[in-house]
Amino acid sequence: MVKNLVIVESPAKAKTIEKFLGKDYLVKSSYGHVRDLAKKNQGVEIDNGFKPVYEISSGKKKVITELKKLAKEAETVWLASDEDREGEAIAWHLSEALNLKPEKTQRIVFHEITKTAITEAIKNPRGIDEKLVDAQQARRVLDRLVGFELSPLLWRKVKPSLSAGRVQSVAVRLIVEREQEIKAFKPDASFKVSALFYVEDKERTYEIKAELPSRFSTEEKAKTFLEQCAASEYRIADIEKKPGKKSPAPPFTTSTLQQEAARKLSFSVTKTMLIAQQLYESGNITYMRTDSTNLSKLALSMAKEEITRAYGEEYSKTRQFASKAKGAQEAHEAIRPTYLNKHAAGSSNDQRRLYDLIWKRTIASQMSDASLERTTVKIDVSKAKEQFIAKGEIIKFDGFLKVYFESRDDEEDAEEQKGVLPPLQKGQPMFLIEMEALQRFSAPPPRYTEASLVKKLEDLGIGRPSTYAPTISTIQKRQYVEKGIDEGKERPFKAWKLKQGEISSQNRTEKTGATKGKLIPTDIGSLVTQFLLENFDNIMDYNFTAKVEKEFDEIANGLTEWNRMIKTFYKPFHERVENSMETSEKVKGERLLGKDPKSGRNIYARIGRYGPMVQIGDKEEEEKPRFASLRKNQSIETITLEEALELFKFPRTVGTYEEEDLIVSIGRFGPYVKHKGKFVSLKKEDDPSVITEQRAIELVEEKREKERNKYIKTFDDEDIQVLNGRWGPYIAHKKKNYKIPKETEAKDLSLEDCKKIIKESGTKKKTTRKKKSK
DNA sequence: CAGTGAGCGAGCTTCCGCTTGACTT
């Protein structure tokens, strides 16, 4: 029997804390929230003052049973969840779900996981802050009402299984509107002049790059300038030296970690969080879901010590960074290595790389500014009034740059690399090597990446560190947006060159607009956004979250009652829902493409039950309409009549093999060939409209070969097989699959070995495959 | 799971925020 039961949110945290508290304390984890609104009837009794109906979350029953038992035995239960709105609610739900008696329940909070912080917290317990809990209930109920009233509206008016919500719908809106900006963008052409010069001193010559600070609006003007230059001499008009400095970026929050890991390591936000979780669980980093740039006193002193030891005292500068994130709740520290003297950690390559990034960022944040000397050289052109500018930068003291430099999203800036300039003097002559005037086009705003969308959401105060990655997944899962595969276009541009007194011109081309992995809205995403904007402009407003957050704060401060706030919101909102349900037309996004040359019937592109499709004929006509789904990368907005007609050519028989037809068609998972009842997906490079019989046979055979390789080993006991799966070899036994231990060679396994592996894995935990993830 | 899209219409889908796990087309 234990005197004290301490409950925290995360098992990794529980483990650490237990070490600090003596044997009189048992530390357990609730694994996050333990109760949630019921699924049925929205989980809210709307006519009963919006009373929430809570139930133990699925999968949390075991945790609750165990905690209940321990709580009963304990003298005191310490609720030590985070000190923010959600944390307070978790404490309250625990006290409700566990039936804790107030006299033996204490609420404590701590911001650092150190022995002093925790013992201090134990000395200063308090009760549960009911006002803060109310603010959380308001947040929860509002999200539920919005989500569970808007989504069914979409099922009726657009397509089944869609979803809408305070966070996801605004995220989609951002992407949709960015795409509209890009489509509406008219590039502005101008001519940018750059030149390469050389100067001589006694010993050697140096090359210097320079640019004209302003661009020419027309080709004629650029050409005239080059002509003037052809007859010009060049001289240094002025040299200006200015001291400058650079300061390190603050330590990582969830959002900045996701951005930097995307830029420097090409991780998706999901991957970053997964790897960070592993580092957290192995005790290498602090908690990875945080909006704070704060470092604990312990971390600051560790950093100082480490920097002084490794680089010298002059490199250390202790800093605290103010959090700029809107609505930041600061329940945790910034993301940092647990031990700053550990320069490397992690058990996989990805873990080591992410750890390295976190270590460098943290250390750099506690280092001195870099001091620089920036030099600007103005160069006179004898026959023209324009001046060239050459820029140089010398690092006088590297400071934090020794360790780390933050990357940027806009690659344009990277172009402007400033090097070291040679020693120069005012009045010194310069000699032209070559000069170029290139036609440049202004660029439309860039498409969002996963990480830049997270940054934007954070700037708007929408979403929380724990939901950034899931939100990004959701809007892709619902097929509102997809990762782009825009091939871009070839764009011609003019280039003029001046070399050895000769002026020549060239027509060159460049690739523009090509994007990979950027977020692009689908037809469904655009249409749903348009529909929601027309009917629920308030919820789609970028400031909606900020506005309700303010009201949640008022609830937390006791200025408003939570259900009063919800009532004020709900009445007009619900009216809009009802009104739209009755009066809104079904959203089809229909576009008439033209007439079928064969039958003369109309051809449309529109949204169907299963997504975007094309249709021949109207349903009123005697002959039934025919349908075909759009392919990936096709859009209702841009599909042509010819492309639509192409889609109606399937299924087509491309030949025969072993006396059966080879039928090529396009299904839910893309183009495929069907033969003897088996389906084989076409490869990326195969065009289903021109694929040959020979190629189709090749694919069928390839699939058969794979099928044969699937069986690594079979035994007399037919229940057990060693198979080759997507993730390497595994053992299949009665519909369940088992991992093969690392060092074991799959083909050497005997039946006994397999049985042993199955038996041993069975002792861990029984795993039933769920048909659907919750 | 692989060409569906109306018809009869049952029963289903859905939110955000806090956690981790155990898994294979």
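Every chain is numbered from 1, with letters handed out A, B, ... down the list of sequences.
Backbone-only engagement by A/Gly463 is indicated by non-hydrogen atom pairs under 4.0 Å involving sugar-phosphate atoms exclusively. A/Gln168 comes within contact range of the sugar-phosphate backbone alone, with a heavy-atom separation under 4.0 Å but no base atom that close. No contact: A/Ala89 has no heavy atom under 4.0 Å from any strand. Looking at heavy-atom distances under 4.0 Å, A/Thr474 makes contact with sugar-phosphate atoms alone, never a base. At the heavy-atom level, A/Ser151 lies under 4.0 Å from base atoms of the strands shown. A/Pro11 comes within 4.0 angstrom of the backbone, heavy atoms only, and of no base. Residue-level contact check: A/Ile666 touches the bases, meaning some heavy atom is under 4.0 Å from a base atom. No engagement by A/Ser29 is indicated, since no non-hydrogen atom pair under 4.0 Å with the nucleic acid exists. Counting any heavy atom pair closer than 4.0 Å across all strands shown, A/Lys674 reaches no nucleic acid atom. Within 4.0 Å of A/Gly43, counting heavy atoms only, lies no atom of the nucleic acid at all. Residue A/Gly32 is in base contact, counting any heavy-atom pair closer than 4.0 Å across all strands shown.
Distances from the side chain of A/Tyr280 to the nucleotides B/dT20, B/dC15, B/dT19 place B/dT20 closest. You'll find that the side chain of A/Glu281 is closest to B/dT20, out of B/dC15, B/dG17, B/dT20. For A/Arg166, the listed nucleotide lying nearest its side chain is B/dC16; candidates were B/dT14, B/dC16, B/dA2.
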Watson-Crick and G-U pairing of DNA chain B written in dot-bracket, each distance under 3.5 angstrom, with | for inter-strand partners: .........................
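Residue A/Trp155 contributes atom CH2, which lies 4 Å from atom C1' of B/dT13 at whole-angstrom precision. Taking atom CZ on A/Phe552 and atom P on B/dC16, their separation rounds to 13 Å, with Å as the unit. Between the CD1 atom of A/Ile56 and the P atom of B/dT19 there is a distance of 18 Å, given to the nearest Å. In this structure, the CD atom of A/Gln277 is 5 Å from the P atom of B/dT20, given to the nearest Å. One can place CG of A/Leu142 at 15 Å from P of B/dC15, the figure rounded to the nearest angstrom. A/Arg289 places its CZ atom 17 Å from the P atom of B/dC16, with the value rounded to the nearest Å.
With hydrogens and angles left out, the side chain of A/Arg140 and the base of B/dC15 share a donor-acceptor pair within 3.5 Å. Counting atom types as modelled, A/Tyr31 pairs no side-chain N or O with a base atom of B/dT20 as donor and acceptor under 3.5 Å. Scanning atom types as modelled, one donor and one acceptor separated by under 3.5 angstrom connect the side chain of A/Arg139 and the base of B/dC16.
Heavy-atom distances to DNA chain B give each of A/Pro470 and A/Val146 a nearest nucleotide, and the one nearer the 5′ end belongs to A/Val146.
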